[in-house]
Amino acid sequence: DAKTTQPPSMDCAEGRAANLPCNHSTISGNEYVYWYRQIHSQGPQYIIHGLKNNETNEMASLIITEDRKSSTLILPHATLRDTAVYYCIVRVSATSILTGGGNKLTFGTGTQLKVEL
Amino acid sequence: DSGVTQTPKHLITATGQRVTLRCSPRSGDLSVYWYQQSLDQGLQFLIQYYNGEERAKGNILERFSAQQFPDLHSELNLSSLELGDSALYFCASSETGTRNTDTQYFGPGTRLTVL
């Protein structure tokens, strides 16, 4: 799986946008970028994923650079409940999955986002 | 609520004992995954089952085993427990487990404490 690099921690004021960066310079052309978050020992929660186009859902937006070597997760109006560890994950390609590679998620150390008043 | 359920929530046991953790996937999901989260190792993939068959193995110890039953629920068996096995154990499920667009949804976890 492609390796990802994230800052260990970030702070954000409540009501402001939180922009969480992720570098994945070794990503392959058919590998997706996934974002999960984990709120204090709860199960990881799926946020969003994308391949090359920007994506938006009710939780967040995902901006992927044109060369796909980095991405940014945007929480448009962060609240205290968004305080969590955010994980950026690059998914193994479909070919590997079909040839028996499984479909695991490889978690790094993530970014601890702290939203403050 | 992800739709994935895990029991029990908490488990306290002694070294050398054996425990079974249970997971029920979301309705319609065929794949189940087990992950371990300890303080020093982070979230680590253990094993994946797809429609009753083992699909992939990660860093799962030989003392640990899992299975997926015909109704698709899964059990993770941990035996000869050691202090270092104390961790959070998460189960996740996904629709198929054969596509890299297959989103995994996680359960609330089982916190295992080995004394």
Side-chain angles (χ1 to χ4, degrees), chain A residues 1-4 6 8 24 27-53 55 57 59-60 62 64 68 84-112, chain B residues 1-6 9-10 23 25-26 29-51 53-60 86-113:
Chain A
D1 295 350
K3 183 178 169 57
T4 61
Q6 299 178 253
H24 31 78
I27 193 170
S28 297
N30 57 354
E31 291 179 332
Y32 280 74
V33 179
Y34 270 72
W35 284 82
Y36 280 79
R37 73 181 182 184
Q38 187 175 25
I39 299 172
H40 188 57
S41 298
Q42 295 179 21
Q45 179 187 23
Y46 165 75
I47 301 173
I48 199 167
H49 73 277
L51 182 62
K52 55 178 99 174
N53 298 321
E55 302 287 345
N57 63 19
M59 286 184 70
L62 175 60
I64 302 174
R68 303 209 328 120
V85 178
Y86 288 76
Y87 296 99
C88 168
I89 300 167
V90 173
R91 296 292 296 275
V92 66
S93 68
T95 302
S96 297
I97 293 170
L98 292 172
T99 55
N103 201 22
K104 67 179 181 181
L105 292 172
T106 301
F107 288 85
T109 51
T111 296
Q112 171 67 63
Chain B
D1 183 2
S2 66
V4 179
T5 60
Q6 290 187 248
K9 274 190 172 179
H10 302 278
C23 168
R26 295 186 322 152
D29 284 358
L30 297 178
S31 257
V32 169
Y33 312 76
W34 287 96
Y35 292 83
Q36 179 193 54
Q37 186 173 33
S38 58
L39 279 173
D40 55 345
Q41 293 287 331
L43 264 161
Q44 301 243 318
F45 168 74
L46 294 178
I47 197 164
Q48 175 194 357
Y49 275 81
Y50 170 66
N51 206 19
E53 294 192 4
E54 183 182 304
R55 166 70 75 167
K57 253 183 177 177
N59 299 322
I60 188 166
S86 295
L88 279 164
Y89 291 84
F90 292 106
C91 168
S93 73
S94 69
E95 191 176 347
T96 68
T98 57
R99 302 188 303 251
N100 63 342
T101 54
D102 213 27
T103 298
Q104 292 181 30
Y105 295 91
F106 284 76
T110 293
R111 181 178 291 278
L112 173 67
T113 302

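Below, chains carry the letters A, B, ... as their sequence lines are ordered, and counting in each starts from 1.
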Interatomic distance, A/Q42 atom CD to B/F106 atom CZ [nearest 0.5 angstrom]:
13.5 Å
Can you tell me how far apart OG1 (B/T103) and OH (A/Y34) are? Round to the nearest 0.5 Å.
3.5 Å
[X] side-chain N/O to [Y] backbone N/O, donor-acceptor pair under 3.5 Å:
X     : Y      : value
A/Y36 : B/Q104 : yes
B/Y35 : A/L105 : yes
A/R91 : B/D102 : yes

Need one label for [X]: side chain, backbone, both or neither, based on atoms under 4.5 Å from any heavy atom in chain B.
X     : value
A/Y32 : both
A/S41 : both
A/Q38 : side chain

For B/R111, look at atom CZ and say whether over 12 heavy atoms of other residues, nucleotides or ligands are found less than 6.0 Å away.
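No.
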Suppose we screen for salt bridge (charged side-chain N to carboxylate O under 4.0 Å, His left out). Which residues come up paired with B/E95, at least two apart in sequence or across chains?
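With neighbours one apart ignored, the set is B/R99.
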Residues that B/Q44 engages under side chain to side chain contact (heavy atoms under 4.5 Å, CB included), provided they are two or more places apart:
B/Q41, B/N59
Checking B/L88 against chain A: side chain, backbone, both or neither under 4.5 Å from a heavy atom?
side chain
Contacting moiety of B/Q37, where chain A heavy atoms sit under 4.5 Å
side chain
Who wins among B/Y105, B/F90, B/Y33, B/Y50 for the most heavy-atom pairs under 4.5 Å with chain A?
B/F90
